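Attaching a single structure in structure tokens format; questions to follow.
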Amino acid sequence: MSFDTDVLIAGSGAAGLTLAIDLARRGVSFRLIEQNAQPFNGSRGKGIQPRTLEIFEDLGFVDRMAAAGGPYPLLCQYRPDGSYKVQLLTEAEVLPNPAEPYAAPLMLPQFATEAVMRERLAELGHYPCFSTRLVGFEQDSHGVTARIEQETGEHVIRARFLVGTDGGRSFVRHALAIDFPGETLGVRAIVADVRLEGLDRLNWHRFQLGLPETQVMICPLAGTDLFQLQAPVALEGEIDLSPAGLTEFIQNRTGRGDIIVRSVSWSSVYTMNVRLADRYRVGRVFIAGDAAHVHPPTGGQGLNTSVQDAYNLGWKLAAVLAGAPETLLDSYEAERRPIASNMLRLSTRLLGEAKQGTMRRDREARQLDLGYRGSSLSMPGPANSKVQAGDRAPDAPCRGQAGQRTRLFTIFQGPHWTLLGYETHERPSPTAGVRIVTIGATHELVDDNGHIAEAYGIEPGQWVLVRPDGYIAGIFSSDGLEAELSRYLAHALPS
């Protein structure tokens with residue numbers, strides 16, 4: 001049967017770009033289409049959480065991202081009497097450690113984040129196709145026949161799979177008749193990227209002179225000369241988003257006449273909703289990112305959860321396209337939908353706290369503890385292990401036997417599975433797609449500072465299987481290792 005591409009991706013935001021980059025490095029054919037004529041130019045999601053930074057390291061552009069952005073500023077909260085308090089946004093100063101190389105979130109406005117991702121995609125030889133709208137599709141047992149609309153007219157694309165990363169108003173989700181239950185939170189807000197004078201760029205400025213409905217937050221956007229303005233507004237009525245209108249708005253909310261908006265590069269008025277799709281998959285069609293979940297922007301969770309949706313789906317699509325059992329794809333919804341459900345709860349809680357004047361970002365917001373312990377891909381193992389199947393695989397600095405310093409994340413980087421053997425005597429037979437690395441004084445990696453032992457807590461003779469997305473699949477003993485691995489990998493690797 002003839003196909004134009006393996007995967008058609010509808011929507012080139014952060015989720016679509018992540019999926020495209022992951023498929024590109026795996027050599028999977030795809031087309032990334034975007035109905036808008038040009039890239040999104042607003043800040044919207046501006047926080048990149050530590051777990052997402054780990055993903056961006058694997059995909060090859062975390063340092064480029066960090067160079068484009070910067071750390072979050074301190075939070076400066078102004079009281080009604082004109083006094084103010086400056087504090088950390090996190091519950092305490094967070095520092096990297098050997099197991100967690102990225103401790104604090106990075107600030108980078110969404111338009112800059114996506115620009116770095118498009119650059120990485122271009123290095124891999126691919127580009128989004130703008131001004132291309134998905135207008136219909138049908139699927140059968142072999143693939144999806146999609147109709148797309150361009151300036152040159154309507155065209156048909158035949159793909160093995162379709163992934164809708166097309167936002168909260170997702171055409172793909174609507175076409176699949178997937179329910180999107182939830183609630184409207186009764187909060188309407190503005191967000192705008194502005195150039196202004198009268199405030200320093202060292203702090204995230206938060207004013208609340210009266211009720212929660214009258215607060216306004218003005219945050220310098222790292223890597224730019226812009227500030228992001230956020231504020232709740234009345235549920236009805238027009239909002240003047242011109243420089244003069246926003247200057248007057250700020251003066252009314254802060255009591256200060258020295259804050260002058262000089263220009264507005266992007267703005268939006270929106271109503272906050274909490275909604276979660278009933279399903280993430282119908283046959284050969286999937287949804288990811290905002291197409292599957294929408295929520296308040298508090299806590300910097302949305303873009304990150306969207307990236308991680310795509311990162312979870314990418315390796316599974318590639319494996320199935322190469323010949324792995326299609327049942328592997330069932331684990332995408334099973335793993336990611338509970339994560340989104342918890343994320344909606346978190347962002348809603350943080351919204352409630354923000355209304356009362358509390359701006360707090362605890363460890364849960366950094367997403368390092370997310371995992372898939374209950375997944376069908378997580379093999380039950382020793383109950384006393386420090387890490388369990390389904391947990392994020394920790395990083396650890398170590399030394400290669402040839403003398404060079406390295407890290408486990410460097411070993412994991414790439415599209416492969418990794419099998420770590422700790423002080424083992426024999427190696428299993430090679431398996432295509434699995435990198436086998438042994439640890440010990442006379443092995444490939446030397447744990448000379450004990451960081452691997454500390455992070456994993458495994459015993460000599462044990463093996464840790466790490467998935468392509470950096471989560472532990474299982475912990476195995478040397479006895480019967482090959483048979484156990486063979487049984488497990490039969491469900492996840494091409495035959």
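Here the structure is a predicted model, which is why all the values come from computation and not from measurement.
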Check your understanding: Side-chain contact, heavy-atom cut-off 4.5 Å: M117 with F61?
Key -> yes

Exercise for review: Compare all side-chain heavy atoms of L408 with those of L420 and state whether any distance is below 4.5 angstrom.
Suggested key: yes

Exercise for review: Quick one: pull up CD1 in I260 and CG in L196 and give me the separation to the nearest 0.5 Å.
Suggested key: 9.0 Å

Practice item. Could you point out which residue of V28, L329, D22 forms a side-chain contact (heavy atoms from CB on, under 4.5 Å) with L317? Key: L329

Review point. Looking at the rings of Y280 and Y332, which for Trp means the six-membered one, are their centres under 6.0 Å apart?
Key: yes

Point to revise | Residue pair Q308 / Q367, side-chain donor-acceptor N/O under 3.5 Å | key: yes

Practice item. Check step by step if salt bridge (Lys or Arg N to Asp or Glu O under 4.0 Å) holds for D225 and R195. Key: CA-CA 7 Å; D225 61 352; R195 291 177 177 84; 3.1 Å; yes

Revision key, fill the gap. Hits for side chain to side chain donor-acceptor pair (under 3.5 Å) against R345, two or more places apart or cross-chain, chain-then-number order -> E364

Review point. Crowded around R399 CZ? As in, over 12 foreign heavy atoms under 6.0 Å?
Key: yes

Exercise for review: Scan side-chain atoms only and decide if Y84 and N203 contain a donor-acceptor pair under the 3.5 Å cut-off.
Suggested key: no

Exercise for review: Check whether any side-chain heavy atom of L185 sits under 4.5 Å from a side-chain heavy atom of P296, and report yes or no.
Suggested key: yes

Check your understanding: Which distance, rounded to the nearest 0.5 Å, do you find between the CZ of R467 and the NE2 of H416?
Key -> 14.5 Å

Practice item. Keeping the roles fixed (side chain from S306, backbone from G302), state whether a donor-acceptor pair exists under 3.5 Å. Key: yes

Exercise for review: Just grab all the salt bridge (charged side-chain N to carboxylate O under 4.0 Å, His left out) pairs involving residues 243-271, residues at least two apart or on different chains.
Suggested key: E197-R262, R256-D258

Point to revise | Validation row: E454, K386 side chains within 4.5 angstrom (heavy atoms) | key: yes

**Study point:** Donor + acceptor pair across side chains of S347, Q301 (<3.5 Å)
**Key:** no

**Study point:** Test item: V294 and V274 side chains (from C-beta on) under 4.5 Å apart, heavy atoms
**Key:** no

Review point. Given F180 and D278, is the side chain to side chain contact (heavy atoms under 4.5 Å, CB included) satisfied, shown in steps?
Key: CA-CA 6 Å; F180 203 38; D278 274 350; over 6 Å; no

**Study point:** Atom pair CH2/CG of W204 and L74 - distance to nearest 0.5 Å
**Key:** 12.0 Å

Check your understanding: Looking only at atom types and distance, does a side-chain atom of D240 sit under 3.5 Å from a main-chain N or O of S242, one as donor and one as acceptor?
Key -> yes

Practice item. May I ask you to check whether E57 and Y102 show a side-chain donor-acceptor distance below 3.5 Å? Key: yes

Check your understanding: Are any non-hydrogen side-chain atoms of F161 and L8 less than 4.5 angstrom apart?
Key -> no

Check your understanding: Which salt bridge (charged side-chain N to carboxylate O under 4.0 Å, His left out) pairs, counting each pair once, include a residue from residues 292-310, with sequence neighbours left out?
Key -> D309-R336

Exercise for review: Start with the C-alpha distance between L465 and I472, add both sets of side-chain angles, then the distance that settles side chain to side chain contact (heavy atoms under 4.5 Å, CB included), and finish with yes or no.
Suggested key: CA-CA 6 Å; L465 181 63; I472 296 171; over 6 Å; no

Exercise for review: Step by step, work out the side chain to side chain contact (heavy atoms under 4.5 Å, CB included) result for M107 and C219.
Suggested key: CA-CA 10 Å; M107 178 185 287; C219 181; 3.3 Å; yes

Review point. Does a donor on one side chain and an acceptor on the other come within less than 3.5 Å for R366 and Q49?
Key: no

**Study point:** Expected output: side-chain D193 to main-chain V264 donor-acceptor under 3.5 Å
**Key:** no

Check your understanding: Do the side chains of L377 and Y471 get nearer than 4.5 Å, heavy atoms only?
Key -> no

Exercise for review: Check the angle between the aromatic planes of H205 and Y78 and answer parallel, tilted or perpendicular using the 30° and 60° thresholds.
Suggested key: parallel

Study note, to complete from the structure: Separation between SG (C76) and CG (L202), nearest 0.5 Å, reads 10.0 Å

Review point. Can you check whether L176 reaches F286 side chain to side chain, under 4.5 Å on heavy atoms?
Key: no

**Study point:** Residues R373, D391: salt bridge by 4.0 Å N-O rule
**Key:** yes

Point to revise | Test ring pair (Phe, Tyr, Trp, His ring centres under 6.0 Å) applied to H126 - qualifying residues, sequence neighbours left out | key: F30

Exercise for review: Enumerate the residue pairs fulfilling salt bridge (charged side-chain N to carboxylate O under 4.0 Å, His left out) with a member in residues 40-52, sequence neighbours excluded, ordered by first and then second residue.
Suggested key: R51-E54

Exercise for review: Determine yes or no for a side-chain-to-main-chain donor-acceptor pair under 3.5 angstrom, with E34 supplying the side chain and S12 the backbone.
Suggested key: yes

Check your understanding: Does the side chain of E335 pick up a donor-acceptor pair with the side chain of N312 at under 3.5 Å?
Key -> yes

Point to revise | Ion pair check, R407 and E100, cut-off under 4.0 Å | key: no

Check your understanding: Are side-chain N/O atoms of S43 and Q110 paired as donor and acceptor at under 3.5 Å?
Key -> no

Point to revise | Backbone of Q77 reached by a side-chain donor or acceptor of R206 within 3.5 Å | key: no

Check your understanding: Once you round to the nearest 0.5 Å, how far does CG of L134 lie from CD1 of I9?
Key -> 12.5 Å

Practice item. Give a yes or no answer on whether the side chain of Y311 reaches the backbone of T52 with a donor-acceptor pair at less than 3.5 Å. Key: no

**Study point:** Within the 6.0 Å centroid threshold, strictly below: W266 and F40
**Key:** yes

Check your understanding: Between R79 and D81, does a salt bridge (Lys or Arg N to Asp or Glu O under 4.0 Å) hold up when you go through it step by step?
Key -> CA-CA 5 Å; R79 303 184 181 98; D81 63 4; 5.5 Å; no

Exercise answer: donor-acceptor pairs, residues 62-69 side-chain atoms, under 3.5 Å, sequence neighbours excluded:
residue, atom, partner, partner atom, Å
R64, NH1, E123, OE2, 3.1
R64, NH2, E123, OE1, 3.3
R64, NH2, E123, OE2, 2.9

Point to revise | Distance, nearest 0.5 Å, that separates CD1 of I475 from OG of S385 | key: 4.0 Å

Point to revise | Working for side chain to side chain contact (heavy atoms under 4.5 Å, CB included), residues R118 and L17 | key: CA-CA 7 Å; R118 285 192 299 274; L17 286 166; 3.8 Å; yes

Practice item. Examine distances only and state if a side-chain atom of S331 and a backbone atom of A334 form a donor-acceptor pair shorter than 3.5 Å. Key: no

